Structures are given as C-alpha cells and as structure tokens.
Number of protein chains: 4
Amino acid sequence: MDEPVSRVERKRGRRVEQILAVAAELFGERGYDAVNLEDVAERLDVTKGSLYYYFAGKDQLATAAIETLGDDWTGRLEAMAGAVEGDAATRLRALIRAHVVIAVREYPAALRLFLVPRTWPDALRTRITEMRRRHDQVFRAVLVDGLERGEFAVVATSTTLQAMHAAMSQAPLWCAGLADDEQERAFDELADTLMKLVALNPGP
Amino acid sequence: MDEPVSRVERKRGRRVEQILAVAAELFGERGYDAVNLEDVAERLDVTKGSLYYYFAGKDQLATAAIETLGDDWTGRLEAMAGAVEGDAATRLRALIRAHVVIAVREYPAALRLFLVPRTWPDALRTRITEMRRRHDQVFRAVLVDGLERGEFAVVATSTTLQAMHAAMSQAPLWCAGLADDEQERAFDELADTLMKLVALNPGP
Amino acid sequence: MDEPVSRVERKRGRRVEQILAVAAELFGERGYDAVNLEDVAERLDVTKGSLYYYFAGKDQLATAAIETLGDDWTGRLEAMAGAVEGDAATRLRALIRAHVVIAVREYPAALRLFLVPRTWPDALRTRITEMRRRHDQVFRAVLVDGLERGEFAVVATSTTLQAMHAAMSQAPLWCAGLADDEQERAFDELADTLMKLVALNPGP
Amino acid sequence: MDEPVSRVERKRGRRVEQILAVAAELFGERGYDAVNLEDVAERLDVTKGSLYYYFAGKDQLATAAIETLGDDWTGRLEAMAGAVEGDAATRLRALIRAHVVIAVREYPAALRLFLVPRTWPDALRTRITEMRRRHDQVFRAVLVDGLERGEFAVVATSTTLQAMHAAMSQAPLWCAGLADDEQERAFDELADTLMKLVALNPGP
DNA sequence: GATGAATGAGAATTCATTCAT
DNA sequence: GATGAATGAATTCTCATTCAT
C-alpha cells in the first residue's frame, strides 16, 4: 500500500503539510469565504501564485485543509479514547471535553466549514462527508460500548450523537469572550450537560 | 410610543417587509457570503439600485432580514408557549418540536445566519445578539418554570439552553433528505433526546 | 418577428453596438489573444468592469464582436453585389477587390479570428461558423451565376471559393507595409490573379 | 564553415532537436498563445525550467520550432522538386499536392504559426520571414521555369505565389473532418484549381 | 421611488521566468 | 544538465456601491 517515496517527494509532502496546517488554521478561524489566498500566502511568507504549485485552486486547498483539520482533530480524539482508562462514562466525558477544547481554542470557525458551499464539486463534498463520518465514529464507539455495558441509555444513537456534535461545535460561539478560568468551567458544564443525554433513569 | 404613520409610510413599510421576506429566504438558503444583491433584486423583480432606497447596504439588509426571520420564529414559539396547557415538560417538548419543524421546513439554512461575518460593525452584531436573546427567552422561561416546580434538573441553565439550541438548529443538516414520515419520527427522537437534558435523576 | 422595443432597450442596444464596434476593431486588428479587456474598456472610456454589464465574459464579447465584424463585412459586400451592374466577371472582380480592401484597411487580423480558440464552447463556435457561411454565400451566388451563364468554368465550386477566400484573407499579411498606391496595384493584381480561378479555357 | 563539434555539443544538438520537434508539433497544433511551456515540458518528460537551458525564452523556442518545422517542410519539397521529372506543370502540381498533404496530415495549425505575435522582437520576426522566403523559393523556381518555357502565364509572380500559399495553408481548415478518400479527392481538386492560376489563355 | 449604467476595489488564476541546489 | 520551488506581473471576473435621470 505504501509505495516507496523519494526524498524529493517527502520534501514536497512536508511542504504541503505546512501549507495545509496554515490553511486549516485560517479556514478554521474564519471560514471559507472570509479567507483569501493572499492571507494564506502571507502567513507562509510566500506569494499567492506559489500556492498554485501545490493546489489547483482555492476549493482544492480548502478541501485538503479541512481534511487536515479533521484528521488532526479526529486523530487526537482517537488517541485520547485509547489512552483514557475507566468506564464508558469517563471516556465519553473526556472525549466531549477534549472536543470542545479543540473547537474553542483552535478551530473556532470549524462549524462554518461543515456548511460546505453548495457550489463545490461533488468530489470535494464527498471527501468532507467522509471525514465527518470518521469523526463521528470515535464518539459512536464509546457510546455503543456504554450502551452494551448497561452504563448508558439513549433515545436513539444517531440522534444523540448529532445533538452532541451540534452542541460541541457551537461552543466557540458562546465561549468566545470568556476568560480562561470561565472557559474551563463552561467546558465542564457543557460536558456534564451532554452526559445527561446518555444517562440511565432519565426521570421520575 | 406608536406615532401616527401616514399612508406613504405604511406603503413603504409593506415594501420593506416584502424585501425582508425575500432576503430572509435567500440568506437563509445560502448564507450571507453566497448571496449577492443581484439575486435579491431579481427575486423581487426590481434592480439592485432600488434596494439602496430601503437599506443602507448589504449588511443592513441582512441584519434586518435576520431580525425579521427571528421575530417571526420567536413570535410563533411565544404564541405556542402561551397556548399549550400542562406541566413544564409538556410545554418544553412542544416548543422543541415546533422549533425543529420550523427550522427544517422553513429555514433550513438558518444556522448559517447565526454565523454572522466577523467584519460586521458592532451595531449590527448587537442587534443579532439581541434577537437571539429574545428567542432564548422563550425557552428559558419554560425551563426556569420547570426548575422551580421541581419538574426539571439541569447542570446549568444557560449551557443547557445553548446545547438545545445548537441541536435544534443543526437538525436541518441531517433531516434534509428524509421522507415526511421519517422526518416526523426524527423530530420526536430529537425532542425526546433533548428532554433528557432537563431530566431529574439523570442516572444512578 | 420584431417585437416592440422600449426606448430603454433601444438605448441599451446602441450602447452594445458601440462596444461591439470598438471590440470588432480591436479584435480585427490584433486577434483574440492579443486583446485584453482593459484595452477595449479604455477605447470606450469606461472601466473594465462595465463591460460585464453588457457581456458575460471575454469569449462572449469576442464572439459578438466577430459577428458584428462579419455582418458589417458581409453586408457591405452584399450591398455591392446588388449595386454592381454587368456580367458575372465584373461583379465577381468587384467583390474580390472590395473584400481585400476591407481586409487590408480595416480588419488586418481577421484571419486570426477565423482560427477560433479550440477551447471555446460549441455554442460560440457554431455562431462563428454560421457567420462564415453567410459570407461565403455572397461569393457563391455570383460564381454560380457566372457558371450558369457560361462565363466561368471551375474545377469545383467549393474548392474554388475556399481558395479565393484564403488568398483574400491573407492579403493583409503581405500588403501591410506597402504605400497606398502600391497597395492599389497589389489589390488589382490579386483580383486579376484570382479571376483566373474561374476562367474558361484555362490552358492549351 | 562547419567547426568541429565535440561529442558534448552533438549531444546537446540532439536534445535541442527533440525539443524542437515536440515544440513544433504543439505550436503547430494550437498556435503560439495557446501553448504554455508546461505543456511542452510535459510532452518531453522534463520540467519547465530545463527548457531554459536550451532556449532563452518562449519566443526563441517558438521561433526555432517554427524554423525547424519550416526546414523540414521546405526540405521535403525541395527533394521532391529535384526528383520529379517532366514539364513545369507536372512539377508544380506535384509540389502543390505535396505541400497540402503535409499541411493537412502533419501541421494542421501551421497557419497559426505564420501569424507571429506582433510583440516579438524584430530579430525573431526576421528569421521567420527568412524561412518563409526559402519556402517560397521552391515554388518560385518552378513557376519561373514554367514562365520562361512558355508553359505558364501569370498576372504577377509574387501575387500568384502568395495566393497559392494562402490556399494551401488553409486547406487543413476545410479538410479536417474528411475521410481519407475524400481528402485525396479534395487534394486533387485543390491542386487542379490552383493550377489555373498559372494557366495560359485564361479566358476568351 | 426606481432604474440603468458605471465604478473601483478586490479576488482568483495563469504563466513566463529565475535560481539555488 | 536538470529540477523543484518560487515569483510577480498580467488578466479575467465579481460585486457592493454610487448616482444622474
């Protein structure tokens, strides 16, 4: 599966990653429309034209950047999911908190990115959808585990996950102006709140 | 408070409403950046220039459109909140369902509208915030009532409301392609799911 | 067929004609690639952007300009064909001379325009082809008339027309630098030369 | 005149020839403006930058390519002119046919190449002109021979040659879509048609 | 009140050219 | 000799905004 890559190709790959890191940051901060290639180029200390040496256009760059952002995000959550010990509740709560922290601190405009412009070619939209599925899977695994163990109860698995994801993604909107310690409290509150979605005995 | 308005002013008012209705529709469909004034004007069968007779610019038009949309939405929820009989849970669930129905059926891209461009002047952003607060207030009233009666328990009132709102707003994204009866079931599932956020005894 | 047009529409039509006249001039002088919209706009004393109020893009402007150029050209030849008295030879020779004069004096780069960029959409290419057919028809009518009267003899009608057209179109290339009276002589020589293509008794 | 060339220089020469062959092909297919160096490089399996080791720029490459194409073309016609036996008419007709066959089969867009961008430096334009003269000379020699022998009669030698050349060059435009046998017939018709340009007794 | 026309400031994209390695 | 990378200037296209009529 992994073909041997020359030194040159690896170098190009690293450059692409640098660009994508910067682009993911910018797109994640501001959303697609509010970013122009000048901005991306400037942060990389190159000129606009250079970006076209690596990407066919703004759409392609954005798509790749979103994927990078998503891979990074999902990867960190997966790593955490693997590392955390304990019952499903402990693990799910950790995931939620981690997700919100990343959203608020690093990709405050990520929500915008999921609202992919309808004008994009299907190929690009498909890639975004794919990426979201992987991301969802991390939470789903823990949730299903908790259900099987009898730790959790839900009305419907997918709906619960959607609701969780929506709330986590919008967190940046209302945590934007808070001081650091207030944010920490907000994160805890949100995590505890969302844990109720999977609670047993949800009422008298 | 209400000054007497001339026939001319009423006529202007009606025209403004027409424009706002169309604008709300378009902005709600595509989001701020993807709408251009040409499109708005075309749907109204007027020319771009005419819009400037009623609004100072694109930002102002969008703001007013969002407010119109929000007022309509909030107004209907308020009416419902007043009409529904029963305990807080019944009323809250009815509100949730109504909100989701409006979101999915009428303003499928309303989510985009809350993502106001960062470049907007503070005056405009404030008005949007204000509108959201009114909207929030409808839910908050029922929630607080339920808490006082001992029907509900929450981790934190505001956070709970934010999470609810986020989930309801994103519903259009995942209910988009469903058949009518599937949608009905999805609405129920979502309402039941979100009711867990306020449930007493949320676990052992 | 002719719908009633408002004063406004007529005015717009006149503006479009002005633009097309200028564009035809420029494209006819330099060819598609060597003209940029800045040039066209400058000659019209407007800004680039204004052109987009009348034409969807450079291709559309160029196509319309080529059509204008062709209509003008063909129209003048048709007028002449109707006006000239005498036998077919007299009329054909007059057509040839007129065609060459227009080519050299007004549309020296017209040849370039018939070499339409392969990347153009078929719709545009079709329109150009159509226009060429009308142009060809003027010569064909006189040629066929001469043949029927027994004035002319040709190897093959279409081939003869193609050869004539080619020679006439390329005239600007070799008449470019000549003085006025030399040009006149060159036109006569070319006309006499091409008349041999339709001559009876073409050899011993 | 011919200096001794080292092995290195010969190698370079061969490389230059390869590049020119590919460039002539591409420029002949699409014309100057529509070809970019990326395309040329790609067909050669090298990178754009490498071309600059052999040529000072796009203009120089194009000029050399056109010359190469012209030399090849002229060379083959010269060889044929020397080989064909018979009267001037036989030889001229053979030249015409050969020219058209090469144009249609091998350099269908050669016409574009004679339309050298007006922006080229004089040095380059001169070289193109020079090459055209050599090419012209092949036909001129036979034509003059025929005139001296009393086989041909023309209105003006140069004009006749220009007309012939124009018609032959444009042949690809109207022979493009024909089947092979139809093309053969078209070639014959064109040759016969053009022979009328030099016919004695061109009419009553 | 409304319109047609024009503007001007971006924004994306292309591509010949340069150059260090 | 060749390459990958970068540049920068040119060019097409978009669109909110202005304004005379």
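Below, chains carry the letters A, B, ... as their sequence lines are ordered, and counting in each starts from 1. The shown structure was predicted, so the numbers you read here are calculated from the model rather than taken from an experiment.
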Rounded to whole Å, how long is the line connecting atom CG of B:L44 with atom P of E:dT3? 10 Å
D:T47 side-chain proximity, nearest of E:dA16, F:dG4, F:dA16: F:dG4
Should A:Y54 be listed as having a side-chain N or O under 4.0 Å from OP1 or OP2 of F:dG4? no
Interatomic distance, C:L37 CG vs F:dT12 P [rounded to whole Å]: 4 Å
Under 3.5 Å on both distances, the Watson-Crick or G-U partner of E:dA16: F:dT7
For D:G57 and for B:G49, locate the closest nucleotide of DNA chain E by heavy-atom distance; then report the residue assigned to the nucleotide nearer the 5' terminus. B:G49
Verify whether one side chain among D:S50 and D:T47 offers a donor that lies under 3.5 Å from an acceptor in the other. yes
Check whether any side-chain N or O of A:R15 sits under 4.0 Å from OP1 or OP2 of F:dA6, and answer yes or no. yes
Remember a base hit wins even if backbone is also touched, and classify A:V40 as base, sugar-phosphate or nothing at under 4.0 Å, heavy atoms. nothing
Specify the separation, in whole Å, of atom NZ of C:K11 and atom P of E:dT3. 16 Å
Hey, are the side chains of A:F27 and A:L69 touching, using non-hydrogen atoms and a 4.5 Å cut-off? no
Between E:dA5 and C:R12, is there an OP1 or OP2 to side-chain N/O distance shorter than 4.0 Å? yes
Check step by step if salt bridge (charged side-chain N to carboxylate O under 4.0 Å, His left out) holds for D:K11 and D:E17. CA-CA 10 Å; D:K11 190 171 175 195; D:E17 275 172 35; over 6 Å; no
What nucleic acid atoms does B:V8 come within less than 4.0 Å of, heavy atoms only: base, sugar-phosphate, or nothing? sugar-phosphate
Report the base-pairing partner of F:dT21 (Watson-Crick or G-U wobble, both distances below 3.5 angstrom), or none. E:dA2
Check: A:D33/B:Y32 side-chain N/O donor and acceptor closer than 3.5 Å: no
Which of these nucleotides, F:dT12, E:dT13, E:dT17, is closest to any side-chain atom of D:K48? E:dT17
Rounding to a whole Å, what distance do you find between C:D45:CG and E:dT7:C1'? 13 Å
For the pair made of NZ in C:K58 and P in F:dT11, what is the distance, rounded to whole Å? 9 Å
How many whole angstroms separate atom CD of C:E42 from atom P of E:dA6? 17 Å
Would you mind reading off the distance between C:D33 atom CG and F:dA10 atom C1', rounded to a whole angstrom? 14 Å
Starting at the 5' end of DNA chain E, which residue's closest nucleotide do you reach first, A:N36 or D:Y52? A:N36
Length of the CG-P vector between A:D39 and E:dA11, whole Å: 8 Å
Once you round to the nearest 0.5 Å, how far does CD1 of C:I19 lie from CZ of C:R14? 13.0 Å
Closest nucleotide of DNA chain F for B:V35 versus for A:I19: which of these residues is on the 5' side? A:I19
Can you check whether B:S50 has a side-chain N or O nearer than 4.0 Å to OP1 or OP2 of E:dG1? no
Does C:K48 form a salt bridge (charged side-chain N to carboxylate O under 4.0 Å, His left out) with C:E42? I'd like the steps, not just the answer. CA-CA 8 Å; C:K48 266 182 306 184; C:E42 200 180 1; over 6 Å; no
Is the phosphate of E:dA5 approached by C:Y53 (side-chain N or O, under 4.0 Å from OP1 or OP2)? yes
